[in-house]
Amino acid sequence: MRRGSVLVTSMITMMFIVVIGMAVLSLTVQGVHMTAKIKNQTVAFNLAESGVDRTVRWFKKLGSPPSIKDEFDPFGGVQKLNGGSYVVTVFPYDDNGGATLKKYRVRVSGFYGKESEEVEIVLRQSSFGKYAYFTDRETSASSDGRIWFFSGDKIRGPAHSNNKSDSSFQINWGGDGPIFEAMVTAAGEEIDFAPKDPKNEDQFKQVFSAGSKGYQLGVDTIPLPASSLEQKALAWGSDDPYPSTTGVYVHTDGGIFVQGDAAIALQVDGSGNQQFKFTQGKTVTTLTIDLANKRIGRQVGSGETTYIEGTVNGVLYCQGDVTSLAGTVADNIVAGDPPVVAFRNAYTIVTDVNSGKDIKVTAPIKHRTPYDPALGPSDPANLSSGSLGLFASNITISEKAPTDMEIDAIMLAGSDSTKDGSFGVENYDEKKPTGTLKIMGGIIQKARGAVGTFSGKSIKTGYAKDYWYDARMADDPPPHFPTTGGYDRVSWRRPPG
């Protein structure tokens, strides 16, 4: 009996071991399959990300955004890579035709083995309006000498330098607060600090609000636009030859085209409409942009006002110099509950950049309703504030401008094809008494223009800088303000499924 019991017990034990072994083997097989599945999913995901990166590079190499309206595959079908493959589909946004910054939804499916993964991003053209401060090189446009940031300067938005001609940021620090209150990027590998390099976080925070993490060196260069020819064509809006007779021309399929030099005053009429008053010799032409009624009033001298039905695209192009620019930027028209911008009052004033045509600012240019950077672009209190962009060979503040000066605009001086181009003050080393220059917008320039001189840490002539960033300019710049040629990734997601 005992021998039989032992045999039965042994058989039961062996059966138990076999069952456990089979279960372990099954779990091992399942684990191997799961590991292989996870591996294949990971590779498929990486293939999809590779497709995204290639598509972003494809967009950047185009030079101008694709005009295709329907969905398309930029690479013509399945792309094989590392034993797997991916497929790209681009969906242009329906409103791209009239959009200042065109957007595209990019969907990429990656395949490896039996697994597939999908990634979707939204690309949007990148505007120079994303910068509070931008230069191609950090030297003077007039002398090639070094121009310094001083401890009293304030740059309250993103800053970038291409560091061309081996120039570096020159920063004289040592004040109570940071000079740069947002991220600083540069293509060069160093920053020239005075009187010495910052050594610890407290010292770095006297330069950058984020301390030693507030700057990044060795980034890609960003070319300036090649010319202002695109804005010229947009302003004319016609296949007819450009006018050769001095005057102000309006095309409702385009914008406002000015032949010859002109002094331009920005005005607001009694109904809140934006007015442009052009003075060319003894001829004064006033245009009233009636956004609500979609018409443009035109008056020459004291003559009768005639009306042109329709609106303009927001580009004002001057074939000559803008010899004087000053005044008030009218408000947007805001309506609804919650309030939204129903009609946007936004313009880009442009000259023939590559022919050396300039804009001279002779008095303050201000928003009728001030923009408050502390509240953010979408705050209801900021919806009314209009927008202005300037693009010229040089943008200069007149030596006769007031002691304290303000310009509410995003400004770009020079092009990738010009030797120079800067924003600065006329006779900056002679202008007295001194004051503060407030910018609400941003400055983009080929080379540094001087706005003042310093003795030690004190301003001697010209202006101290007080530069505020208008964050609306990144997402919603003035119409047809130049883009960087690059694209921003607005969003990224892995679609469910």
Side-chain angles (χ1 to χ4, degrees), residues 64 100-101 125 127-129 131 134 223-238 242-243 246-266 274 276-278 280 285 287 289 311-327 329 344-362 365 386-397 407-418 420-423 441-446 449 473 476-485:
S64 59
T100 297
L101 301 178
Q125 282 183 284
S127 170
F128 278 103
Y131 295 105
F134 179 108
L224 290 171
S227 70
S228 57
L229 290 177
E230 177 184 351
Q231 286 77 17
K232 178 180 181 179
L234 287 164
W236 184 235
S238 171
Y242 290 106
T246 298
V248 179
Y249 302 82
V250 179
H251 272 287
T252 54
D253 290 331
I256 301 169
F257 191 98
V258 181
Q259 178 60 42
D261 297 344
I264 304 175
L266 305 174
Q274 184 71 68
F276 296 95
K277 181 180 178 181
F278 303 89
Q280 296 179 290
T285 304
L287 298 182
I289 313 299
T311 58
V312 291
N313 60 16
V315 180
L316 191 165
Y317 183 88
C318 186
Q319 185 68 24
D321 292 310
V322 176
T323 57
S324 173
L325 181 66
V329 180
R344 188 173 178 228
N345 188 72
Y347 304 92
T348 299
I349 300 175
V350 187
T351 64
D352 188 345
V353 173
N354 286 13
S355 293
K357 301 304 181 181
D358 300 333
I359 293 175
K360 179 179 286 190
V361 181
T362 51
I365 301 173
S387 302
L388 182 67
L390 307 180
F391 180 24
S393 178
N394 295 283
I395 300 172
T396 306
I397 296 176
I407 303 176
D408 297 344
I410 182 79
M411 297 174 281
L412 195 160
S415 77
D416 201 44
S417 306
T418 59
D420 290 310
S422 65
F423 169 81
I443 299 170
I444 302 98
Q445 54 190 336
K446 179 84 172 186
M473 300 298 100
D476 204 13
H480 306 292
F481 192 78
T483 57
T484 66

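All of these numbers come straight from a predicted model, not from anything done at the bench. We number each residue from 1, following the sequence as shown.
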Listed by chain and number, what are the side-chain hydrogen bond (donor to acceptor under 3.5 Å, both in side chains) partners of [X], not counting sequence neighbours?
X	result
K357	none
D358	N394
T285	none
Q445	none

>> Just to verify, what does K232 make a salt bridge (charged side-chain N to carboxylate O under 4.0 Å, His left out) with, not counting sequence neighbours?
In response: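 Scan of K232 (salt bridge (charged side-chain N to carboxylate O under 4.0 Å, His left out), adjacent residues dropped) gives none.
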
>> Using the rule given for side-chain contact (heavy atoms from CB on, under 4.5 Å), can you reason through I410 versus I444, listing the C-alpha separation, both sets of side-chain angles and the distance that settles it, and then say yes or no?
In response: CA-CA 8 Å; I410 182 79; I444 302 98; 3.7 Å; yes

> What residues form a ring-ring contact (aromatic ring centres under 6.0 Å, His included) with H251, not counting sequence neighbours?
Replying inline: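 Here the qualifying residues are W236.
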
> Taking only residues two or more places apart in sequence or in another chain, which ones pass ring-ring contact (aromatic ring centres under 6.0 Å, His included) with Y347?
Replying inline: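 For Y347 the ring-ring contact (aromatic ring centres under 6.0 Å, His included) partners, ignoring immediate neighbours, are F276.
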
Which atom pair, heavy atoms only, marks the closest approach of [X] to [Y]?
X	Y	answer
V315	N313	N-OD1, 3.1 Å
P477	L101	CD-CD1, 3.6 Å
S415	A226	OG-O, 3.3 Å
P479	T100	CA-OG1, 3.7 Å
Y242	A233	OH-CA, 3.4 Å
A235	Y317	CB-CB, 3.5 Å

[atom1]/[X] to [atom2]/[Y] distance, rounded to the nearest 0.5 angstrom?
X	Y	atom1	atom2	result
F481	L412	CZ	CG	5.0 Å
T483	E230	OG1	CD	6.5 Å
D352	Q319	CG	CD	5.0 Å
L316	F278	CG	CZ	4.5 Å
I443	I395	CD1	CD1	9.0 Å
S127	M473	OG	CE	8.5 Å

> Hey, does L287 have a side-chain heavy atom less than 4.5 Å from the side chain of V312?
Replying inline: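 Answer no - side chains too far apart.
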
Once side-chain contact (heavy atoms from CB on, under 4.5 Å) is applied, do any residues pair with [X], and if so which ones, sequence neighbours excluded?
X	result
D408	K366, H367, E406, M440
D261	D321, T323
D476	R344
T311	K294

> Can I397 and I407 be said to form a side-chain contact (heavy atoms from CB on, under 4.5 Å), step by step?
Replying inline: CA-CA 10 Å; I397 296 176; I407 303 176; 3.9 Å; yes

>> Pair L390, F423 - check side-chain contact (heavy atoms from CB on, under 4.5 Å), show working.
In response: CA-CA 11 Å; L390 307 180; F423 169 81; over 6 Å; no

> Within the side chain of Q280, is there an N or O that forms a donor-acceptor pair under 3.5 Å with the backbone of Q259?
Replying inline: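 A pair under 3.5 Å: yes.
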
>> Using modelled atom types and a 3.5 Å cut-off, is there a donor and acceptor pairing between side-chain atoms of S228 and backbone atoms of V353?
In response: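 Side chain of S228 to backbone of V353: a pair is present.
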
>> One pair to check against side-chain contact (heavy atoms from CB on, under 4.5 Å): H480 and V350. What are the steps and the verdict?
In response: CA-CA 10 Å; H480 306 292; V350 187; over 6 Å; no

